[in-house]
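Encoded as structure tokens, the structure appears first; notes follow it.
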Amino acid sequence: MSRRLPVLLFVAVAAAECALVFVPTVAGAFFVFDDYAHLDAVRSLPMTSFFGAPIVGLFRPLTLLAMKAQFVCFGWAPSGYAAVTALLNLSNAVLFAFVLRSFGENETVRWLAAAFFLVFPPANETHVWFGCQFDLLCVSGFLVYLFLSAAALRDGIVGGKRLLFSSLAGGALLLSLLTKEIALAAPLFLAVLATRRRGLPAIAPLRRVLALAAASMIPLGAFVALRTAAMPLNNSHYGAPLQLFRDAPLLPHLRRYVAAMFSFPYFGASPWAAVFAHGAGLLALVAVLLGLRVAGARGGAGLCAASIAFLAPVLWMDITPGSAVGGRLVYAAALPIALLFGLGAASVVAAVQESSSARDHRTLPVAGALLLGAFFGGAGLSEFSLQRYWGDAFTLARSVMGQIERLPARPNVFVRNLPRQFSNGPYVFKCYAFPIYLATRAGGRPAFRCDAVDVERRGKEIIEAGPRESDVYSSYREARPDELAVELDLQIRRRPEGR
């Protein structure tokens with residue numbers, strides 16, 4: 001295969017992802033769910049206060065600083081945040097390819113792996129939702145850590161240069177940890193990439209790799225010290241981590257995460273399109289299994305262990321395979337899986353190139369191209385349907401917020417049918433979104449009480465898909481004599497029947 005073909009394949013996949021997902025998302029984006037709380041928390045805080053205490057229950061100061069910087073640039077214009085999210089997705093995929101190059105992977109493996117990582121449908125919400133920048137920035141940080149670590153390990157780098165690269169790598173790891181805690185697994189991924197696997201020599205002696213991985217304890221220790229100063233280790237936005245892990249069925253959750261990583265859903269009416277998308281998930285599984293064979297027992301086990309290590313901090317949370325949400329939880333864990341996909345797909349390419357039969361010489365390349373086309377076509381179809389599904393959520397959120405803005409001024413408002421989320425995933429609102437948004441647009445901040453309900457599209461209509469329940473994020477709970485009761489119009493009338 002020409003050295004340029006893998007790069008051209010990646011460029012084609014990236015162009016398709018931009019056309020089908022990123023550009024429509026930027027054009028139609030709106031704030032949903034926790035976006036309001038995050039922006040409301042950071043917009044008025046001084047820069048010096050981000051490291052001293054948790055914000056909205058989180059100690060992830062660099063991501064929140066990045067959100068503040070975006071608020072300075074974009075204010076309450078959601079398209080700017082969506083554009084940054086798209087750029088982070090693209091840059092992470094490209095950076096992943098350069099990381100693999102620095103660890104000795106060939107052109108075919110690294111660009112196939114990068115294309116897989118970019119289009120990976122189970123990552124769902126990370127491709128479209130501004131609220132996933134915690135995960136996107138974290139992965140950016142530890143990819144830089146891996147790139148600089150490879151430079152520090154390389155033969156011919158001695159003395160001051162090795163110390164410089166090692167120090168820069170440690171700094172990148174600390175910055176990554178300050179965006180989200182899943183970067184704790186990055187040193188393990190480094191050790192797996194740097195040590196020998198079948199068919200690929202180690203880039204450095206084992207003792208040098210282990211020494212650099214051990215040096216990663218310095219930024220890990222610095223992160224623990226900073227976090228402890230801000231909030232107790234056994235405390236988080238979600239509750240006490242030890243209790244959360246103690247109560248969770250971790251092995252069943254792990255099985256569901258593995259299933260989720262090979263579930264390529266289709267959110268539409270066509271059964272044939274659904275079969276095509278699901279088939280792409282099966283092709284991904286076959287390629288990963290081939291990659292395990294290529295990597296060998298030690299290399300394959302190491303990559304699987306690295307993927308599980310990225311999942312470990314969130315295993316107390318359940319995930320629904322085939323859903324349109326939860327993808328942020330598997331985004332980092334997809335990196336080792338993407339490498340296995342690249343190894344497996346590249347082994348098929350190599351087998352085609354080595355075919356000596358005249359008949360096979362014609363048929364096998366066509367078959368291989370069709371399989372790759374089927375995979376990326378099915379994955380792209382899944383991504384396209386995901387964007388349209390989230391597009392429904394953004395459009396509904398914009399419509400509802402417009403209705404709320406047009407309400408007569410009252411100190412208390414009761415919303416009878418707050419759309420909480422679509423039944424298969426995309427988030428819409430929590431009740432606190434209304435007073436936060438109105439305070440910035442109209443100057444007032446009325447109190448809101450909401451009954452929330454899940455919704456779903458049925459043909460041209462948005463229907464309620466469950467009972468109405470009191471929203472825990474309401475400003476008050478009991479009815480007030482002066483409150484204005486509102487029944488929202490949930491019809492968005494954006495697309496014809498049958499997606």
Side-chain angles (χ1 to χ4, degrees), residues 29-43 54-58 76 78 125 129-132 236-239 244 317-318 320 323-326 328 389-390 392-442 444-458 461-492:
F30 200 74
F31 299 112
V32 295
F33 227 52
D34 292 328
D35 296 345
Y36 297 91
H38 291 153
L39 292 179
D40 187 54
V42 304
R43 63 191 178 92
I55 300 171
V56 291
L58 302 169
W76 289 97
E125 60 195 359
W129 185 29
F130 153 64
C132 293
S236 75
H237 175 69
Y238 306 97
L244 293 172
M317 297 179 69
D318 199 5
T320 302
S323 173
V325 293
R328 67 190 186 281
Y389 201 18
W390 272 86
D392 280 345
F394 294 144
T395 305
L396 179 58
R398 180 182 291 105
S399 171
V400 165
M401 195 62 80
Q403 295 175 57
I404 295 295
E405 284 188 277
R406 292 191 294 271
L407 291 175
R410 294 287 183 85
N412 302 297
V413 180
F414 172 40
V415 178
R416 298 180 185 275
N417 59 335
L418 171 79
R420 177 171 45 207
Q421 67 179 68
F422 282 74
S423 57
N424 206 18
Y427 306 121
V428 187
F429 279 127
K430 293 178 179 178
C431 194
Y432 58 53
F434 299 141
I436 290 173
Y437 194 73
L438 289 182
T440 65
R441 307 285 287 191
R445 193 163 183 147
F448 277 83
R449 179 170 69 95
C450 301
D451 281 350
V453 63
D454 289 352
V455 297
E456 191 50 84
R457 174 183 277 275
R458 179 177 293 171
E461 303 297 317
I462 299 294
I463 63 168
E464 296 187 14
R468 298 183 180 185
E469 301 170 336
S470 178
D471 190 273
V472 297
Y473 300 99
S474 298
S475 305
Y476 62 98
R477 294 299 183 87
E478 301 298 328
R480 294 177 177 176
D482 61 342
E483 72 181 7
L484 172 67
V486 178
E487 186 88 10
L488 297 170
D489 176 10
L490 302 183
Q491 303 312 311
I492 56 179

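- With rounding to the nearest 0.5 angstrom, the NE2 atom of His38 is 10.0 Å from the CD1 atom of Ile55.
- For the pair Ser423 (side chain) and Ala465 (backbone), a donor-acceptor distance under 3.5 Å is absent.
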Would you check, one step at a time, whether the test side chain to side chain contact (heavy atoms under 4.5 Å, CB included) holds for Glu469 with Val453?
-> CA-CA 6 Å; Glu469 301 170 336; Val453 63; over 6 Å; no

Stepwise side chain to side chain contact (heavy atoms under 4.5 Å, CB included) test for Val325 and Trp390 | CA-CA 10 Å; Val325 293; Trp390 272 86; 3.7 Å; yes

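- Taking the six-membered ring wherever Trp is involved, the centroid distance between the rings of Phe422 and Tyr389 falls below 6.0 Å.
- Using a 4.5 Å cut-off on side-chain heavy atoms (C-beta onward), Asp471 and Ser474 make contact.
- Considering all non-hydrogen atoms of both residues, Pro419 and Val455 come closest at CB-CG1, 4.2 Å.
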Given side chain to side chain contact (heavy atoms under 4.5 Å, CB included), test Tyr432 with Asp34 step by step and report yes or no.
-> CA-CA 9 Å; Tyr432 58 53; Asp34 292 328; 2.8 Å; yes

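- Between Phe434 and the options Tyr36, Phe448, Phe414, a ring pair (Phe, Tyr, Trp, His ring centres under 6.0 Å) holds for only Phe448.
- When each of Gln421, Arg420, Arg468 is paired with Asp454, the side-chain hydrogen bond (donor to acceptor under 3.5 Å, both in side chains) condition holds for Arg420 and for no other.
- Counting heavy atoms from C-beta on, the side chains of Leu484 and Pro408 come closer than 4.5 Å.
- Although no hydrogens or angles enter the test, the distance criterion places no donor-acceptor pair under 3.5 Å between the side chain of Asp40 and the main chain of Ile436.
- The backbone N or O of Pro426 sits nowhere less than 3.5 Å from a side-chain atom of Glu125 that would complete a donor-acceptor pair.
- With hydrogens and angles ignored, the 3.5 Å screen pairs no side-chain donor or acceptor of Arg328 with any backbone N or O of Trp129.
- A 6.0 Å sphere centred on CD of Glu478 holds no more than 12 heavy atoms belonging to other residues, nucleotides or ligands.
- Taking the six-membered ring for Trp and the full ring otherwise, Phe394 and Phe31 have centroids separated by 6.0 Å or more.
- Side-chain contact between Arg410 and Asp482: absent, with no pair of heavy atoms (C-beta onward) separated by less than 4.5 Å.
- Annotation: side chain of Phe33 is not in contact with side chain of Val428 (no heavy-atom distance under 4.5 Å).
- In this structure, CG on Leu488 lies 5.0 Å from CD on Gln403, to the nearest 0.5 angstrom.
- For the atom pair CD1 (Ile404) and CZ (Phe429), the distance works out to 8.0 Å, reported to the nearest 0.5 Å.
- Side-chain contact, Glu405 with Tyr437: no donor N or O sits under 3.5 Å from an acceptor N or O.
- Proximity of Leu490 to Leu396: side-chain heavy atoms (C-beta onward) are separated by under 4.5 Å at one or more points.
- Atoms CD1 and CD, from Ile462 and Gln491 in turn, are 6.0 Å apart once rounded to the nearest 0.5 Å.
- Interatomic distance, Arg449 CZ to Glu483 CD, rounded to the nearest 0.5 Å: 4.5 Å.
- Looking only at side-chain heavy atoms (C-beta outward), Asp451 and Val415 stay at 4.5 Å or farther from each other.
- The two residues Asn424 and Ser323 have their closest heavy-atom pair at O-OG, 3.2 Å.
- The side-chain heavy atoms of Ser475 and Pro435, taken from C-beta on, include a pair separated by under 4.5 Å.
- Counting heavy atoms from C-beta on, the side chains of Ser399 and Asp489 never come closer than 4.5 Å.
- With hydrogens and angles left out, the side-chain atoms of Tyr427 and Asp35 include no donor and acceptor closer than 3.5 Å.
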